[in-house]
2 protein chains.
Amino acid sequence: MADDDEITAKRPTIYDLAQIAGTSASAVSSVLNGTWKKRRISARLAERISRIAEEQGYAVNLPARMLRRDRSRVIGMIIPKYDNRYFGAIAEHFETMARERGLFPVITCTQREPDLELEAAREMLSYQVECLIVTGATDPDRIADLCSAARVRAINLDLPGSRAPSVVSDNFSGALELTRVILSRVRADFGTALPLYFIGGRAQDNNTRERLRGFTAAHVEAGLAVPEDNCLMRGYSAAKTLAAMADLKIADGSGVFVNSTIALEGVVRWLHDQPNPPQMRFGCFDWDPFAAFLPQNVGMMQQDVATMLSTAFQLIETPPEGAPTLQIPCRFRPRP
Amino acid sequence: MADDDEITAKRPTIYDLAQIAGTSASAVSSVLNGTWKKRRISARLAERISRIAEEQGYAVNLPARMLRRDRSRVIGMIIPKYDNRYFGAIAEHFETMARERGLFPVITCTQREPDLELEAAREMLSYQVECLIVTGATDPDRIADLCSAARVRAINLDLPGSRAPSVVSDNFSGALELTRVILSRVRADFGTALPLYFIGGRAQDNNTRERLRGFTAAHVEAGLAVPEDNCLMRGYSAAKTLAAMADLKIADGSGVFVNSTIALEGVVRWLHDQPNPPQMRFGCFDWDPFAAFLPQNVGMMQQDVATMLSTAFQLIETPPEGAPTLQIPCRFRPRP
DNA sequence: CTTGGATGCTCAATCGGTGTAGCATAGATT
DNA sequence: AATCTATGCTACACCGATTGAGCATCCAAG
């Protein structure tokens with residue numbers, strides 16, 4: 001009994017297994033990591049060791065293995081939030097694809113705080129990740145520098161950077177198409193042809209700029225000019241968007257381009273708070289299964305997460321020259 | 001130049017820094033991990049080492065540190081999905097609280113696949129996590145056994161187990177209250193007093209059973225019996241729920257208790273697909289900001305994620321006797 | 001009987017930090 | 001002068017797994 005306790009009190013190591021099996025630690029190691037044939041261990045011994053490992057509930061000590069091996073087989077991702085379907089889908093696809101490739105995925109969420117992004121990236125490097133996917137970072141280039149100093153490949157996702165390859169949506173085309181749909185629906189439903197409002201995001205970030213460009217291009221096509229006051233970009237926060245909506249004087253027959261589902265939360269709350277909500281239509285960049293059914297919604301621009309991630313993994317597997325930005329088309333989902 | 005390359009070609013170790021500083025690796029180590037005062041290193045040397053570490057872009061090798069230290073300071077969580085606000089909030093709170101406690105959070109999502117749950121738990125143990133939070137697991141007890149064999153504490157979250165402490169919502173009370181609200185709203189809006197439908201979840205899982213108990217109790221209060229056919233539990237999948245909805249013959253004046261936002265996706269899609277959607281009301285266990293605004297919704301039962309997680313961390317910090325299940329009250333959010 | 005090759009295993013160095021034990025020097029105390 | 005204490009540092013044995021090098025043993029061929 002005392003002996004049994006001794007054995008299970010600490011997690012068994014290959015040395016413990018070796019002693020039980022009456023063999024050496026190297027034999028145990030090679031059996032448990034699959035290199036035993038190459039190392040000419042007999043099938044008989046291999047089987048005995050495997051059985052004992054099973055019995056003892058052995059689990060390899062990964063930090064020890066990582067210390068010794070040149071490759072850690074850990075792949076990291078930093079991501080801003082888990083509060084919307086887009087980032088949720090990115091996280092799930094990332095984990096699945098990493099596992100398919102025999103990698104151990106580690107994700108950490110950075111709450112859209114630039115300091116936390118940098119700190120998290122540093123932690124990932126300390127963890128000896130082989131590669132870091134930097135999702136929606138405020139300042140991807142600082143992180144890319146950190147990574148290149150540590151000889152770790154970095155890939156930007158969602159928001160591009162200039163010092164590492166990037167995979168982003170084709171925001172311009174997506175915004176162009178979405179804006180066209182909203183404009184035509186507003187005309188069809190209300191007979192109006194007013195410039196739309198643009199709500200959400202940050203004027204500094206690349207995606208917002210690109211979408212604003214598509215938004216503007218669609219207006220130009222339609223012979224409309226967008227007044228500067230029609231654009232409200234108070235960051236990725238429902239509360240801030242809501243608080244600022246009052247300034248917009250959205251009237252009957254208006255149309256709104258909503259730049260994220262988070263901003264849409266603010267818009268929907270605002271609409272609901274109005275004693276006489278205006279007759280209006282909106283479209284949203286990013287998809288949400290419930291928002292899709294809201295009565296004023298004309299459709300949602302869904303980003304192609306699966307393709308974005310398989311592209312990112314391709315970039316990891318065959319690193320390109322320089323820091324190209326690959327654009328992935330979005331898929332418009334009209335109101336069901 | 002060649003020298004510079006030599007230095008940056010591999011990530012610097014404390015030995016590299018020691019050589020540059022003309023001191024020993026132990027001095028470097030103690031300076032960089034903050035134990036240098038205790039080890040009587042002079043402030044002058046400490047500062048010099050810090051400067052050199054900074055210059056060289058040194059980052060500690062965590063696997064090496066973990067190998068040597070008795071504590072890894074890594075805390076793990078497995079979670080089924082990232083596709084709803086509840087699990088998203090759990091993941092975010094977990095990461096924040098872990099960081100506040102100086103722990104490194106590692107989350108992995110298991111796609112509701114029992115095999116993946118077990119595999120992920122094994123990986124976490126190999127990673128030398130100090131503790132594992134098992135969220136919404138199909139078979140938490142198997143994981144608890146794995147953990148106790150490895151002398152790692154496990155805490156069940158969301159779904160309880162019998163072999164490790166659990167933190168769950170007070171599903172009975174929550175369901176009781178939600179059912180009362182739906183019944184009274186159906187009566188007020190339609191003048192009907194029919195038993196409600198119960199949609200979503202798995203009959204085997206504890207939360208669904210508890211909620212069904214609350215649902216039934218509220219019906220008993222109201223002098224109603226629930227026909228068995230009113231309950232549809234086809235798992236946590238919108239598609240399966242949708243496919244099965246047809247059997248239910250939901251008529252005007254009906255009320256529905258929806259057991260998760262995932263099931264609600266199915267319900268909403270079904271409603272939308274009907275040529276003549278029935279006049280009905282529903283309430284949902286779990287909250288979603290967009291679903292909250294759906295016209296038939298009477299309110300959502302939001303689980304108190306912050307309290308659940310701080311309770312879980314308390315259980316980690318002061319382990320209780322046995323495997324108690326702590327119930328956290330939910331908060332009802334009426335339709336805004 | 002010797003040589004050669006295959007077979008089946010073990011030894012020991014190594015990865016990068018950590019921390020105990022201990023050494024050398026300087027100044028203070030008896 | 002001898003002892004003591006404090007200061008400032010280094011040496012070295014670990015943690016657990018990996019892996020190149022090497023040691024027996026056995027059988028077959030010459």
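Residue numbers start from 1 in every chain, and the chains themselves are labelled A, B, ... in the order their sequence lines are given, proteins ahead of strands.
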Distance test, side-chain N/O of Ser26(B) to OP1/OP2 of dG17(C), below 4.0 Å
no
How long is the line joining CZ of Arg73(B) and P of dT18(C), in whole Å?
13 Å
For the pair made of CD1 in Ile41(A) and P in dT10(C), what is the distance, rounded to whole Å?
7 Å
Classify Thr35(A) by what it touches in the nucleic acid, base, sugar-phosphate, or nothing, heavy-atom distance under 4.0 Å.
nothing
OP1 or OP2 of dG8(C) under 4.0 Å from side-chain N/O of Ser42(A)
no
Could you give the CE-to-P distance, from Met66(B) to dG16(D), as a whole number of Å?
12 Å
Rounded to whole Å, NZ of Lys10(A) lies from P of dC15(D) at a distance of 10 Å
Taking atom C1' of dT10(D) as reference, at what distance in whole Å does atom CD1 of Ile49(B) sit?
12 Å
Side chain Arg39(B) and base dT7(D) donor-acceptor under 3.5 Å:
no
Specify the residue among Ala27(B) and Ala64(B) whose closest nucleotide of DNA chain D lies further upstream toward the 5′ end.
Ala27(B)
Distance check: side-chain N/O of Thr13(A) vs OP1/OP2 of dG16(D), anything under 4.0 Å?
no
Check this one for me: any side-chain N or O of Arg69(B) less than 4.0 Å away from OP1 or OP2 of dT18(C)?
yes
Phosphate OP1/OP2 of dT18(D): any Asn33(A) side-chain N/O under 4.0 Å
yes
With side chains defined as the heavy atoms from C-beta onward, is the minimum distance between Arg11(A) and Leu125(B) less than 4.5 Å?
yes
I need the CZ-C1' distance between Arg68(B) and dC15(C), as an integer number of Å.
14 Å
Start with the C-alpha gap between Val60(A) and Tyr58(A), add the side-chain angles, then the distance that decides, and say whether side chain to side chain contact (heavy atoms under 4.5 Å, CB included) holds.
CA-CA 7 Å; Val60(A) 67; Tyr58(A) 173 82; 3.7 Å; yes
Once ring-ring contact (aromatic ring centres under 6.0 Å, His included) is applied, what residue pairs with a partner in residues 105-160 of chain B remain, sequence neighbours excluded?
Phe104(A)-Tyr127(B), Tyr127(A)-Tyr127(B)
So Val28(B), base contact, sugar-phosphate only, or nothing? Heavy-atom distance under 4.0 Å.
nothing
For a quick check of understanding: with a heavy-atom distance under 4.0 Å over all strands, which category does Leu45(A) fall into, base, sugar-phosphate or nothing?
sugar-phosphate
Salt bridge (Lys or Arg N to Asp or Glu O under 4.0 Å) evaluation trace for Arg51(A) with Glu47(A)
CA-CA 6 Å; Arg51(A) 190 175 40 73; Glu47(A) 209 158 321; over 6 Å; no
Between Arg68(A) and Ser29(A), is there a side-chain donor-acceptor contact under 3.5 Å, judged purely by atom types and distance?
no
Please determine whether a side-chain nitrogen or oxygen atom of Ser24(A) lies at a distance below 4.0 Å from atom OP1 or OP2 of dT10(C).
yes
Distance check needed: dT7(C) P versus Lys38(A) NZ, whole Å only.
17 Å
When the nearest nucleotide of DNA chain C is assigned to Arg40(A) and to Tyr15(A) on a heavy-atom basis, which residue is associated with the more 5' position?
Arg40(A)
Between CG of Leu67(B) and C1' of dA17(D) the distance, given in whole Å, is 8 Å
Closest to the Thr23(B) side chain, choosing from dG16(C), dC9(D), dA17(D)
dC9(D)
salt_bridge(Arg99(B), Glu119(A)) N-O dist < 4.0 Å
no
Between dG16(C), dT10(D), dA17(D), which nucleotide has the shortest distance from any of its atoms to the side chain of Arg65(A)?
dA17(D)
